[in-house]
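Worksheet: one structure, shown below.
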Amino acid sequence: MSPETIAAPAAAGEKKSPGTERSQARERAARNHRLLVYSTRVVLFVAVIGLWELLARTAVIDPFNFSMPSKIWEQIRQWTLNGTPQGPLWEQIWYTLYEALLGWVLGVIGGVVLGIALGRIRFLADVVGPYIKVLNALPRIVLAPIFLIWFGLGPASKVASAVVLVFFPVFFNAFQGAREVDRNLVANSRILGASNRQVTLHVVIPSATSWIFTSLHVSFGFALIGAIVGEYIGATKGLGLLVSASQGTFNAAGVYAAMVILAVVALLAEGLLAFLEKRLFRWKPADPGTAR
C-alpha cells in the first residue's frame, strides 16, 4: 500500500478540536445573522414601496402630492436617458458631489487642525472656545443666503455652506479625542524625550483618529445637505436645482427622484468611509455586540 492510502483513513478519522468547532459554529451563526438582517431589510423595503404604490393607485393618498414609486422610477429613467432641463443627469450629480466633497474636505481639515490645536493648548481653548460655542449655536442653514450674496450663484457659495456644516461635528470630535488621550502614553513619550510636536504627531493624533472617523460618517451627509440647500436657494446646476425646479412645476415625482439619487450617493459615500475605516482600524477588537 502506498503512503497516501495509509494516510487517508487516518486523516478521515481525525476529530476537530472543541475550539475549532466553536469557532466554526460562531462563523455560521454570524453568517446566518447577516443573512437574516439583509433579508429583513429587503422585505421591509419591498413592503414599504409596495404599500406606497398601492395607496397611491387606489387614491388613499393623493398621487399628485405624494407621487408613487413607479412614477419616480420613470422620472429617473427619463433623466438618465434624455437629460434634465439643466443638462445631463450625470453632470448635475457631479456638480453637487464636487461641491459637497470640496466642502467636506475643507471642513474636515479645518475641524481636525483646530480641534487638535485647542485640545492640546489649553490657553487657546480658553480664548477661542466661547466664540466657537456661539457660532455653533447659530442655525447654520440660514447662512446659505448670506453665502449666496457673498460668493454668487457659483459653487463657492455651496462649498461655504458645506464647510460650516461639516466643521463643527469634526471639530468637537477632534477636540474631545485630543483631550481623551491616555496621559500615561503622553508621560512615557515625554520620558523618552519626545518633543511637543512628536507627542502631537505620534501619540495625540493617532489616539484621536477613531474619534475623528466617527464624525466623518455624519459630516459627509452634512456636506451634501449644505450643497443641496445652497443649490436650492440659487444655482445654475446641481441636484438641489432639480429639486427646486421640480417643486416649481409641481412635479412631485421629480422631487422624490432627486432625493433618491441623493440617498444613493450618500450610501455609496458611507460605504466607502466604512471600508476605509475597517482598513485603517484592523487592529481594533470587534464590538462585543457584533459577535454572536
Hydrophobic cluster identity match, [X] and [Y], side-chain contacts under 4.5 Å:
{"X": "Phe168", "Y": "Leu124", "answer": "yes"}
{"X": "Leu138", "Y": "Phe167", "answer": "yes"}
{"X": "Val264", "Y": "Leu101", "answer": "no"}
{"X": "Phe45", "Y": "Met259", "answer": "yes"}
{"X": "Val243", "Y": "Val229", "answer": "no"}

- Query: Got a sec, which residues hit salt bridge (Lys or Arg N to Asp or Glu O under 4.0 Å) with Arg77, two or more places apart in sequence or on another chain?
  - Reply: Glu74

- Which residues share a salt bridge (Lys or Arg N to Asp or Glu O under 4.0 Å) with Arg57, sequence neighbours left out: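 Once residues adjacent in sequence are excluded, the partners of Arg57 under the salt bridge (Lys or Arg N to Asp or Glu O under 4.0 Å) criterion are Glu53.
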
Interatomic distance, [X] atom [atom1] to [Y] atom [atom2] [nearest 0.5 angstrom]:
{"X": "Ile76", "Y": "Thr80", "atom1": "CD1", "atom2": "OG1", "result": "7.0 Å"}
{"X": "Leu89", "Y": "Ile93", "atom1": "CG", "atom2": "CD1", "result": "4.0 Å"}
{"X": "Glu231", "Y": "Leu148", "atom1": "CD", "atom2": "CG", "result": "11.5 Å"}
{"X": "Arg41", "Y": "Leu36", "atom1": "CZ", "atom2": "CG", "result": "10.5 Å"}
{"X": "Lys158", "Y": "Tyr95", "atom1": "NZ", "atom2": "OH", "result": "6.5 Å"}
{"X": "Thr236", "Y": "Leu153", "atom1": "OG1", "atom2": "CG", "result": "7.0 Å"}

Test item: [X] and [Y] side chains (from C-beta on) under 4.5 Å apart, heavy atoms:
{"X": "Leu165", "Y": "Ile141", "value": "yes"}
{"X": "Phe172", "Y": "Asn136", "value": "yes"}
{"X": "Leu224", "Y": "Trp104", "value": "no"}
{"X": "Leu268", "Y": "Leu272", "value": "no"}
{"X": "Ser39", "Y": "Val42", "value": "no"}
{"X": "Ile132", "Y": "Phe175", "value": "no"}
{"X": "Trp52", "Y": "Ile72", "value": "yes"}
{"X": "Val164", "Y": "Phe147", "value": "yes"}

[X] versus [Y], closest heavy-atom pair with distance:
{"X": "Ala227", "Y": "Ala100", "value": "CB-N, 4.1 Å"}
{"X": "Ala257", "Y": "Gln75", "value": "CB-CG, 3.9 Å"}
{"X": "Gln92", "Y": "Gly238", "value": "OE1-N, 2.9 Å"}
{"X": "Ala162", "Y": "Gly103", "value": "CB-CA, 3.8 Å"}
{"X": "Val166", "Y": "Ser219", "value": "CG2-O, 3.3 Å"}
{"X": "Thr96", "Y": "Leu239", "value": "OG1-N, 2.8 Å"}

- Task: Determine the sole option in Ile228, Leu267, Leu97 for which the side chain to side chain contact (heavy atoms under 4.5 Å, CB included) test with Leu262 is passed.
- Result: Ile228

- Item | Remaining members of the apolar cluster that contains Phe64, side-chain heavy atoms under 4.5 Å |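 Taking Ile, Leu, Val, Met, Phe, Trp and Tyr as members, Phe64 shares its hydrophobic cluster with Phe250.
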
- Transitive ILVMFWY cluster of Leu241 at side-chain heavy atoms under 4.5 Å: who else is in it?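 ILVMFWY cluster around Leu241 holds nothing else.
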
- Evaluation steps, ring pair (Phe, Tyr, Trp, His ring centres under 6.0 Å), between Tyr256 and Trp73: CA-CA 9 Å; Tyr256 286 116; Trp73 172 252; over 10 Å; no

Would you list the atom pairs, donor with acceptor, under 3.5 Å between side chains in residues 108-117 and any protein atom, with sequence neighbours excluded?
none

- Look at the rings of Tyr98 and Trp94 and say which category their plane angle falls in: under 30° parallel, 30 to 60° tilted, over 60° perpendicular. tilted

Sub-3.5 Å donor-acceptor pair from the side chain of [X] to the main-chain atoms of [Y], do we have one?
{"X": "Thr249", "Y": "Ser246", "result": "yes"}
{"X": "Ser67", "Y": "Ala252", "result": "no"}
{"X": "Thr84", "Y": "Gly87", "result": "yes"}

- What do the steps show when you test Phe66 against Leu55 for side chain to side chain contact (heavy atoms under 4.5 Å, CB included), and what is the final call? CA-CA 10 Å; Phe66 292 93; Leu55 293 177; over 6 Å; no

- Message: Checking Trp150 against Ser157: is there a side-chain donor and acceptor pair closer than 3.5 Å?
- Response: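 No pair is found: no donor N or O on one side chain lies under 3.5 Å from an acceptor on the other.
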
- Task: Using the test side chain to side chain contact (heavy atoms under 4.5 Å, CB included), find all partners of Ala56 that sit at least two apart in sequence or belong to another chain.
- Result: Ile61, Pro63, Met68

